[in-house]
Amino acid sequence: MFQDSTRCIVIVGAQWGDEGKGKITDVLAEQATLVARYQGGANAGHTVLVGEEEFILHLIPSGALYPSVRCVLGNGVVVDPWTLIDEVEKLEARGIGIRERLLISWRAHLVLPYHRMLDGARENLRGTGRIGTTKRGIGPAYRDKVARAGVRVCDLADLAGCRELIEDGCSAANMLLERWESEERAEPDAILERLSEVSPTILALAGDSGDAIRAELDGDGRVLLEGAQGSLLDVDHGTYPYVTSSNTTAGAAAAGVGIGPTRIDGVLGVVKAYTTRVGNGPLPTELEGEEAERLRRLGAEFGATTGRPRRPGWYDAVVVGHAAAVNGLTALAVTKLDVLDSFDELRLGVAYELDGRRSDRFPDRAPDLARVRPVYETTPGWGVETAGCRSWEELPGAARDYLARIERIARVPIRYVSVGSARDQIVRVPIPRVA
Ligand code: IMP
């Protein structure tokens with residue numbers, strides 16, 4: 001993807017998260033000098049396999065596994081300082097030094113213990129109407145940010161000055177926790193004490209994410225802006241209210257690190273060769289029973305953060321079309337193609353029927369999306385292993401047809417096809433390609 005004229009690329013999930021962004025970021029990071037996260041927090045779980053070793057990263061960008069890549073957490077990320085330090089230490093324990101090349105934006109908001117408590121208590125209370133959040137405190141932390149009641153990384157330099165904010169945060173949280181029948185209570189002194197333990201470490205890593213990225217681009221650096229979750233979990237463009245609490249789409253990347261949108265040269269959308277969703281909310285092409293079990297087993301579809309089983313479904317071109325539009329995708333990476341190797345037949349959702357009318361437009365209301373009936377095209381499977389393929393020509397004909405159909409409907413060229421979790425299990429698709 002990187003070229004002389006393409007030096008700043010956004011990577012976004014074009015479905016409901018878990019598309020394999022970690023693996024694709026890791027592949028591209030080989031040519032990058034800096035990788036930055038621009039939104040979300042430790043709700044993400046990006047899995048990268050290096051040799052036999054598996055790494056699951058929640059906050060640190062997936063480029064971290066290349067020793068020369070600088071890693072940045074932008075101002076749009078919500079940072080749980082204890083989770084971050086734990087992740088840094090775990091990487092160091094496995095021989096990956098990250099401290100000297102990690103930068104956390106001064107302006108990033110902190111996820112505090114009462115955010116986690118509120119997230120958990122609210123989810124437990126919601127009963128059947130629950131969102132199915134990761135309970136990492138993400139929603140409450142963003143709510144405080146927007147309500148101008150958040151604590152930021154830069155505030156750690158003056159903890160005494162944060163006391164009132166944290167006392168207010170605790171008393172507001174405790175009222176809700178009581179009402180929501182939770183036994184947990186937030187304690188300002190305990191939080192301030194715990195913050196004083198981690199603040200020197202966090203402050204030593206803090207700086208201006210925008211300055212760092214602009215300097216990289218003003219030189220001859222190459223930058224990846226790594227989205228978390230997926231486009232359909234975007235708070236504006238996703239299946240509201242069954243979404244996360246940030247803008248996950250590419251438009252948020254510039255604001256989330258502190259650069260102008262004119263610095264971005266391309267947007268790579270990552271899609272699975274089928275669909276999954278974790279948590280609640282409508283999923284039109286969802287499979288049930290044995291077929292769902294089979295896809296879940298073959299794709300090892302269990303959440304990297306919570307271990308929850310993911311809900312599998314056929315590829316949904318309406319979803320990806322929506323993601324292509326709202327992100328302005330310039331290229332696609334299709335992951336987990338190998339998971340479909342043994343299927344005799346594949347189904348591809350190409351449109352929806354709602355109240356007797358066919359449409360390829362993604363509905364704005366979750367209740368409407370829950371009522372649509374997908375219109376499917378059926379295509380033959382390829383029945384051979386693709387895990388060893390390393391070029392477009394090596395892929396079986398039926399797999400190439402399937403991919404070409406995905407590409408035609410999305411009107412976005414495919415640049416990468418992932419055929420396994422290892423770093424080298426990747427097909428780089430040239431443009432233009434021969435067949
Ligand atoms: P939250 O982000 O923890 O508030 O969860 C809101 C919704 O986003 C829930 O449906 C979660 O399952 C989903 N979600 C959050 N992070 C991820 C992710 O990294 N992958 C997939 N789904 C996610």
Side-chain angles (χ1 to χ4, degrees), residues 11-25 37-48 55-62 73 76-80 83 87 109 111 115-126 128-146 226-249 252 256 269-272 274-283 286 296 299-313 319 323 335-336 366 369-370:
I11 298 188
V12 288
Q15 293 158 324
W16 276 281
D18 307 317
E19 297 92 349
K21 293 179 295 296
K23 152 103 189 238
I24 299 297
T25 305
R37 285 269 311 264
Y38 60 86
Q39 49 70 230
N43 47 350
H46 293 163
T47 308
V48 184
F55 294 85
I56 298 179
L57 302 167
H58 297 285
L59 269 165
I60 294 178
S62 307
L73 297 183
V77 176
V78 284
V79 180
D80 178 326
T83 304
E87 209 166 303
H109 280 247
V111 179
H115 295 132
R116 269 187 187 248
M117 292 176 192
L118 289 170
D119 199 1
R122 183 70 211 241
E123 274 297 297
N124 294 341
L125 189 84
R126 264 195 191 111
T128 51
R130 72 175 57 160
I131 305 286
T133 76
T134 58
K135 301 188 182 174
R136 297 295 188 272
I138 305 301
Y142 276 117
R143 193 178 56 192
D144 274 354
K145 169 177 174 171
V146 178
E226 179 187 10
Q229 293 81 52
S231 301
L232 278 293
L233 290 170
D234 182 286
V235 67
D236 285 302
H237 303 291
T239 46
Y240 192 88
Y242 301 101
V243 292
T244 191
S245 299
S246 62
N247 283 116
T248 58
T249 43
V270 185
V271 294
K272 246 179 223 179
Y274 48 97
T275 308
T276 60
R277 170 165 205 169
V278 61
N280 292 347
L283 178 58
E286 183 161 15
R296 187 179 296 122
E301 295 296 351
F302 295 89
T305 300
T306 58
R308 291 179 291 176
R310 296 179 186 141
R311 300 157 57 196
V319 161
T335 62
K336 290 195 153 182
L369 187 64

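Both counts, for ligands and for their atoms, begin at 1 and track the order of listing.
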Between Asp234 and Thr249: side-chain donor-acceptor atoms closer than 3.5 Å
yes
What distance do Arg143 atom CZ and Leu118 atom CG have between them, rounded to the nearest 0.5 Å?
6.0 Å
Would you give the length of the straight line joining atom CG of Asp80 to atom CZ of Arg136, rounded to the nearest 0.5 angstrom?
9.5 Å
Will you find, in the side chains of Asp144 and His115, an N or O donor that is under 3.5 Å from an N or O acceptor?
yes
What residue among Arg311, Arg277, Lys272, Arg308 forms salt bridge (Lys or Arg N to Asp or Glu O under 4.0 Å) with Glu301?
Lys272
Quick check for you: to the nearest 0.5 Å, what is the distance between Asp236 atom CG and Asn247 atom CG?
4.5 Å
Pairs under 3.5 Å, N/O atoms on ligand 1 and on the protein: can you put them in a table with the distances?
residue	atom	partner	partner atom	Å
ligand 1	2 (O)	Asn43	ND2	2.9
ligand 1	2 (O)	Thr244	OG1	2.6
ligand 1	3 (O)	Thr134	N	2.9
ligand 1	3 (O)	Thr134	OG1	2.6
ligand 1	10 (O)	Val278	O	3.3
ligand 1	12 (O)	Gly132	O	3.2
ligand 1	12 (O)	Val278	O	3.0
ligand 1	12 (O)	Arg308	NH2	2.9
ligand 1	16 (N)	Asn43	O	3.4
ligand 1	16 (N)	Gln229	NE2	3.3
ligand 1	19 (O)	Asn43	O	3.4
ligand 1	20 (N)	Asp18	OD1	3.1

